[in-house]
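Beneath this line is the structure, given in structure tokens, with notes to follow.
Naming: A, B, ... by sequence-line order, numbering from 1 per chain.
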Protein chains: 2
Amino acid sequence: MRGMGNDMVSKGRVTIREVAERAGVSTATASRALSGNHPVPAATRARVLRAARDLDYVANAHARALVGGGRKMAAVVVRQVTSPFYAQVAEGVEAEAADRGWLCVVGATGGDAQREMEFVQLMREEGARLVILVGGVVEDDAYRERVAHYAHALDSSGARLVLCGRPAPDPGIPALVVEFDNEVGAHAVTGHLLSAGHRRIVFLGGLPGNTALDARVAGYRAALAEHGLPPETAHVVDCGLGRAAGHRAMTELLKQTREFTAVFAGDDMVAAGALRALADAGLSVPGDVSVVGYNDIPLAEDFNPPLTTVRTPAEELGRAAVRIALRDPEHAAGAHHLLGTHIVVRDSVGPPPTGRAL
Amino acid sequence: MRGMGNDMVSKGRVTIREVAERAGVSTATASRALSGNHPVPAATRARVLRAARDLDYVANAHARALVGGGRKMAAVVVRQVTSPFYAQVAEGVEAEAADRGWLCVVGATGGDAQREMEFVQLMREEGARLVILVGGVVEDDAYRERVAHYAHALDSSGARLVLCGRPAPDPGIPALVVEFDNEVGAHAVTGHLLSAGHRRIVFLGGLPGNTALDARVAGYRAALAEHGLPPETAHVVDCGLGRAAGHRAMTELLKQTREFTAVFAGDDMVAAGALRALADAGLSVPGDVSVVGYNDIPLAEDFNPPLTTVRTPAEELGRAAVRIALRDPEHAAGAHHLLGTHIVVRDSVGPPPTGRAL
DNA sequence: AGCGCTCGCGTAAAGGTTTTCAGAGCCGGA
DNA sequence: TCCGGCTCTGAAAACCTTTACGCGAGCGCT
């Protein structure tokens with residue numbers, strides 16, 4: 001009926017017992033032949049494999065995990081999968097996991113702490129051995145407590161917790177941190193604007209308490225200071241992230257002042273919104289205003305103009321997270337890894353318009 | 001030491017036995033109280049729940065799945081997670097799955113049939129009850145055979161297979177199809193160009209054998225024909241998908257001819273590449289050439305100019321896939337569902353330049 | 001020839017949960 | 001008073017695989 005050979009059992013899954021029976025061995029031998037955990041004579045092995053193929057045998061991962069105590073599964077938790085940056089990180093995790101035959105499950109929280117907790121709980125039930133929490137977050141007491149709870153809970157069942165782009169947990173908390181060096185990236189790109197001659201640079205997209213953004217702001221301020229500019233030169237607009245926020249904040253800013261020649265957007269999506277707002281206001285980039293972004297999302301080179309930005313190799317971040325977590329079994333707990341970034345120069349930065357530079 | 005209360009067991013996971021013991025009931029009663037599958041007096045129930053909370057009990061999903069025969073898990077398979085369209089579909093699946101307490105795992109194939117097969121096999125082992133294959137594909141014999149194999153294999157263990165944006169399988173194959181009506185979408189957007197006055201419209205991004213693209217081409221041709229234009233008016237460039245392909249093909253085309261006033265890109269990423277190529281050639285959009293895309297990816301409104309395109313609600317596609325698969329248990333096998341699309345008008349279409357319209 | 005070692009393989013236990021079956025206690029009706 | 005039926009609960013089986021243990025046979029060495 002199914003057209004798949006006369007050996008198909010019509011109901012229920014075929015188990016290792018049936019394979020063993022058909023191969024004329026015990027389930028123990030069949031298991032050894034199939035899993036390769038224990039040597040088995042070639043002839044026997046071939047007979048078992050043959051039987052398994054004939055019956056279209058599929059091992060039951062649950063039974064296997066039950067006795068084996070755990071399973072090869074990694075979980076990656078992001079705010080939303082559709083954000084280009086998070087998608088790249090998730091892809092990195094998935095790729096690195098797949099390379100080692102691990103399964104990768106993704107959870108989206110939408111930024112909701114409740115959903116994050118539920119998902120971590122679910123991962124505990126599922127026996128995930130690696131949970132990777134991705135994305136900046138504002139660091140308050142509730143957050144610290146939550147992470148401490150995750151870390152201990154996962155640790156007690158032998159699983160690892162990795163924080164990507166999140167603040168380091170309190171000392172003693174068994175979690176790893178892998179992130180980009182936001183401060184040097186921001187420093188570099190601010191320096192790029194400074195050496196193009198800009199002196200009045202506004203930072204668009206601050207989010208006080210969010211350690212990733214705070215670090216970028218710090219790098220921005222440091223670069224300004226190193227150029228001998230007084231601290232009050234710094235102008236940080238705390239509008240948060242995302243295209244809509246960038247658009248709104250830029251529009252608003254233009255109403256208040258035009259006393260700036262460059263914009264450092266905290267994120268490429270913010271830059272996208274800002275670029276549109278500038279265009280709507282009849283300003284040309286980089287003729288009237290120069291703009292830089294952060295993260296180098298895949299479409300940044302198609303912005304108008306192509307965006308000068310800081311490349312944060314997001315996929316590599318994901319890969320590094322699983323690699324590091326799986327490498328140093330015990331030693332690494334509490335370790336803090338920083339990944340390098342580099343600036344990519346495109347067409348959105350030019351000299352400041354004459355007469356407006358300081 | 002852990003600071004989490006004096007009831008923490010230091011080694012190993014706490015099982016339902018320990019919960020039962022502490023609550024003074026049997027494991028059967030504990031299970032009933034915890035899972036809610038069977039009524040239990042409020043007092044007993046409270047005692048069990050209390051014990052579980054005190055011990056930080058976490059159910060073992062494997063044991064549960066082992067006895068329950070399967071588990072609430074959906075798998076979504078895409079070419080790559082970083083493609084905006086696929087990411088949105090995956091997000092839809094994840095969201096709909098999460099709404100029902102299901103787990104969602106994603107697999108990326110990179111377009112490799114081998115990896116697709118391995119992943120489906122893995123899902124069989126894991127006991128996924130729903131596998132969703134997303135994304136157009138060129139339909140050859142090997143493909144049809146592969147899908148037939150997946151469908152039968154999954155069906156025999158009671159799992160469902162959903163094809164999103166893929167060709168319908170041969171009749172009798174137990175798989176559902178959910179996709180957008182590419183033909184009417186393409187028809188509509190072509191009509192939009194026609195009523196703006198364009199007569200020489202080139203379709204950029206054909207991929208013969210890919211049913212999704214073929215359908216768009218068909219809609220494009222049909223709209224042309226309905227306007228009384230001779231068939232040879234149609235000009236399809238088979239460059240495939242992606243930003244790079246669009247850029248290359250557009251650059252190439254401009255070298256050969258400028259006898260067109262509008263471009264219908266088979267996909268927004270192709271449009272992104274084409275827009276850049278047009279800008280590089282010094283052509284203005286929509287002044288010299290009008291451009292439309294397909295899919296309405298999130299950044300389409302930030303293209304230069306904002307892109308008129310066809311909105312294919314990708315997240316809804318993902319949600320619909322799981323909803324439909326889970327709704328009609330038996331009846332739906334082989335069903336073919338079409339989701340509507342609509343055109344979204346932005347600034348990339350204008351009247352053809354005077355003297356060049358037919 | 002005899003001893004001991006290795007190899008191959010089968011038996012059985014273990015892993016944690018759900019569920020079936022049945023027993024116990026209780027209430028109400030006859 | 002007795003019995004039917006209902007509610008609550010516990011013992012035990014079942015789900016499928018892996019692995020520790022042990023046994024028998026074969027082989028090489030003395």
With respect to the phosphate group of C:dC9, does any side-chain polar atom (N or O) of A:Ser26 fall under 4.0 Å of OP1 or OP2?
-> no
Between A:Asn37 and D:dT18, is there a side-chain N or O to OP1/OP2 distance below 4.0 Å?
->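 A:Asn37 to D:dT18 OP1/OP2: no side-chain N or O under 4.0 Å.
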Closest nucleotide among [options] to the [X] side chain:
| X | options | result |
| --- | --- | --- |
| A:Thr29 | C:dG16, D:dT17, C:dG10 | C:dG10 |
| A:Ala28 | C:dC9, C:dG16, D:dT19 | D:dT19 |
| A:Ala63 | C:dT17, D:dT18, D:dC16 | D:dC16 |
| B:Val25 | C:dC9, D:dG10, C:dG16 | D:dG10 |
| B:Arg64 | C:dG10, D:dT17, C:dT18 | C:dT18 |
| B:Tyr57 | C:dT18, C:dT17, D:dG10 | C:dT17 |

What is the distance, rounded to the nearest whole Å, between atom [atom1] of [X] and atom [atom2] of [N]?
| X | N | atom1 | atom2 | value |
| --- | --- | --- | --- | --- |
| B:His62 | C:dG15 | NE2 | C1' | 11 Å |
| A:Arg17 | D:dA14 | CZ | C1' | 12 Å |
| B:Arg32 | C:dG16 | CZ | C1' | 16 Å |
| A:Glu21 | D:dC16 | CD | C1' | 15 Å |

Residues passing the side-chain hydrogen bond (donor to acceptor under 3.5 Å, both in side chains) test with B:Glu116, sequence neighbours excluded, are B:Arg146, B:Tyr150, B:Arg166
Does A:His38 or B:Ser31 map to a spot on DNA chain C nearer the 5' end, using the closest nucleotide for each?
->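 It is A:His38 whose nearest nucleotide is closer to the 5' end.
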